[in-house]
Amino acid sequence: AIAPDQRGYFPGARPANAAAYAIDLLVGDALAICDSLDVEQFDLVGHDWGAIVAWMIAAHYPSRVRSFTAVSVPHPEAFADAYASPLSNQREMSSYIDVFREGGDAGEKMLQGGDVGGIRQILEQQGLPPDAASAHAAVYEQPGALTAAINWYRATHPTMMRGVPRVTVPTLFVWSTLDPAISREAAEGCARYVDGPFRFEVLESVGHWIPELEAETFNRMLFKMEGVTTVGTLGYGISPSSSEYAKGVADSAKQAGLNEGYVNGAFTFGSTNVTPVALAMKSAGVNGVYASTDPNTAFALVTALRENGVK
């Protein structure tokens with residue numbers, strides 16, 4: 001997986017000029033990273049402004065995109081439609097953007113609320129746990145970081161992007177009903193601008209920060225986009241002492257119609273005991289696994305799975 005800090009969010013890539021954050025430059029950054037790593041085609045995922053950049057990549061460079069997942073923010077044309085519609089409250093929900101685009105430092109002052117703690121409080125009010133909110137807010141305490149983030153809006157008004165091509169690649173769009181910045185009209189209008197296979201997922205009573213607030217649910221959605229047709233629980237905190245036990249768990253998953261193993265929890269077996277799990281998954285026809293545990297065990301498990309022919 002490639003998950004870079006985008007322009008403005010890292011001290012070594014933080015231009016002071018707002019024009020340096022134009023959308024074509026942001027798209028160019030993402031493609032240049034992939035080019036530098038010799039990645040010709042990829043599964044693309046973007047959230048918030050990252051989603052806008054990703055929509056532009058999927059729309060303008062479809063040959064580079066194997067699958068595309070946009071989180072929270074819909075196709076720019078759908079966003080602009082809702083913003084312009086008198087039947088939608090998108091204009092009101094996007095009013096903060098006008099403050100960001102005012103001259104001077106009005107945007108910075110609005111976010112800070114008198115001190116840098118204001119950003120942390122905003123993030124917590126939107127549902128982020130205190131630790132996550134503090135980690136995000138700490139980035140904006142770096143010199144020039146807050147202005148750089150607002151410069152994304154100063155360079156491009158995200159609700160007025162027109163002429164964006166329709167998307168033809170397989171697309172998943174995930175939106176949440178408690179998002180304070182994206183209206184239902186904008187979200188539901190997204191389908192009008194996707195010609196390829198399209199899936200729209202709605203998370204009820206979830207705020208804007210879907211990747212953090214609904215990580216497990218969101219990860220399962222991503223697996224579907226990458227070719228795993230069904231996601232489910234293979235076992236939780238399992239500690240197989242024999243290949244028979246592991247095979248029983250895997251067979252149960254297969255009988256339930258699952259072709260992915262999802263294992264989560266604290267494993268008590270070492271790297272020498274993960275091979276029976278891998279072999280059991282393979283014999284049961286399981287073709288993928290998501291392991292959420294300590295790094296060493298996860299690495300051993302994934303290695304064993306690959307060695308035994310499990311994706």
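A quick note: this is a predicted structure, and the numbers were derived from the prediction, not measured.
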Minimum-distance pair of heavy atoms, taken over all atoms of [X] and [Y]:
X    : Y    : result
R7   : A20  : NH1-O, 2.7 Å
R120 : S134 : CD-OG, 3.3 Å
G107 : I150 : C-CD1, 3.5 Å
A54  : F68  : CB-CE1, 3.3 Å
I52  : P158 : CD1-CB, 3.6 Å
N151 : A16  : ND2-O, 3.5 Å

I'd like to know if the side chain of [X] and the backbone of [Y] have a donor-acceptor N/O pair within less than 3.5 Å.
X    : Y    : value
E102 : I97  : no
R101 : Y153 : yes
R66  : P170 : no
T147 : G144 : no
E201 : F173 : no
H208 : S176 : no
R64  : V39  : yes
S85  : D81  : no

For this session: May I ask you to check whether D48 and S72 show a side-chain donor-acceptor distance below 3.5 Å?
Result: no
Problem set entry | Electrostatic pair D5:R14 at N-O distance under 4.0 angstrom | no
Exercise. Do R184 and D179 sit within salt-bridge range, that is, some charged N less than 4.0 Å from a carboxylate O?
Worked result: no
For this session: Assess whether atom CZ of F198 is packed by more than 12 heavy atoms of other residues, nucleotides or ligands within 6.0 Å.
Result: yes
With rounding to the nearest 0.5 angstrom, report the [atom1] to [atom2] distance, [X] to [Y].
X    : Y    : atom1 : atom2 : value
F200 : L172 : CZ    : CG    : 10.0 Å
L26  : W152 : CG    : CH2   : 4.5 Å
Q142 : F10  : CD    : CZ    : 8.5 Å
T69  : D43  : OG1   : CG    : 8.0 Å
L128 : I122 : CG    : CD1   : 12.0 Å
L123 : W209 : CG    : CH2   : 5.5 Å

Is it possible for you to say whether [X] and [Y] belong to one hydrophobic cluster, with membership spreading through side-chain heavy-atom contacts below 4.5 Å?
X    : Y    : value
I57  : I33  : yes
V202 : L178 : no
V169 : Y193 : no

Considering only heavy atoms from C-beta outward, does the side chain of [X] approach that of [Y] to under 4.5 Å?
X    : Y    : value
L31  : F42  : yes
F100 : L111 : yes
I23  : W55  : no
Q126 : L213 : no
V45  : H47  : no
R154 : Y21  : no
C190 : W175 : no
F79  : I182 : yes

Exercise. Could you walk me through whether E185 and L87 pass the side-chain contact (heavy atoms from CB on, under 4.5 Å) check?
Worked result: CA-CA 9 Å; E185 292 80 7; L87 302 178; 5.9 Å; no
For this session: Show your reasoning for whether side chain to side chain donor-acceptor pair (under 3.5 Å) applies to N89 and S183.
Result: CA-CA 7 Å; N89 62 344; S183 66; 4.6 Å; no
For this session: Check the pair V167, H75 against side-chain contact (heavy atoms from CB on, under 4.5 Å), reporting the backbone distance first and the verdict last.
Result: CA-CA 9 Å; V167 170; H75 190 288; 4.0 Å; yes
For this session: Begin from the C-alpha positions of V27 and Y61 and carry the test side-chain contact (heavy atoms from CB on, under 4.5 Å) through to its verdict.
Result: CA-CA 10 Å; V27 168; Y61 302 93; 3.9 Å; yes
Exercise. Do the two ring centres, one from H157 and one from Y83, sit under 6.0 Å apart?
Worked result: yes
Exercise. Between I119 and L146, does a side-chain contact (heavy atoms from CB on, under 4.5 Å) hold up when you go through it step by step?
Worked result: CA-CA 10 Å; I119 297 176; L146 183 57; 3.8 Å; yes
